Amino acid sequence: MSDDIERLKAERNQIAAEIRRLQYSIRSKVETDLEEGDPALYEREKNLALLRNLQRELEAVEYALSLAERGVYGICENCGERIDPARLKAIPQATLCLKCKTELERKRRI
Ligand SMILES: [Zn+2]
């Protein structure tokens, strides 16, 4: 169980470092005036989108970490079954088993 916490903390640190790096790069580009059509402008948009994704990911990892600290990490929030360890390895912040996740996504599409 403490292995999960260590893994999630490492994941969190990695995402946080990436966020800091992006924020720095975005800030330094904001200071220079960019013309319409400048490739740097496109780059900034791309970085902002990436930053938003990373922030969402960080929240998900923080949440998974809070579950791990309560000893309920790796249990599907929908059906209560254990989530496949291979899945958790690939997506440490997963809170649904593959079956529930797939079902949920199918429902969303309808
Ligand atoms: Zn499930």
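Quick caveat: nothing in here was measured; it's all calculated off a predicted structure. Both ligands and their constituent atoms are indexed starting at 1 by order of listing. Numbers here simply count residues along the sequence, with the first being 1.
A donor-acceptor contact shorter than 3.5 Å is absent between the side chain of Arg109 and the backbone of Leu104.
With hydrophobic clusters built from ILVMFWY side chains whose heavy atoms lie under 4.5 angstrom apart, Val61 shares a cluster with Ile5.
Partners of Lys107 by salt bridge (Lys or Arg N to Asp or Glu O under 4.0 Å), not counting sequence neighbours: none found. In terms of the side chain to side chain donor-acceptor pair (under 3.5 Å) criterion, residue partners of Glu18 (sequence neighbours excluded) are, by chain and number, Arg21.
Residue-and-atom listing of protein N/O/S atoms under 2.8 Å from the Zn ion (ligand 1), sorted by chain and number: Cys76 SG, Cys79 SG, Cys97 SG, Cys100 SG.
Legend: salt bridge (Lys or Arg N to Asp or Glu O under 4.0 Å) pairs involving residues 49-73, not counting sequence neighbours, sorted by first then second residue: Arg12-Glu62.
Note on Lys101 versus Glu105: salt bridge recorded, some NZ/NE/NH1/NH2 to OD/OE distance being below 4.0 Å.
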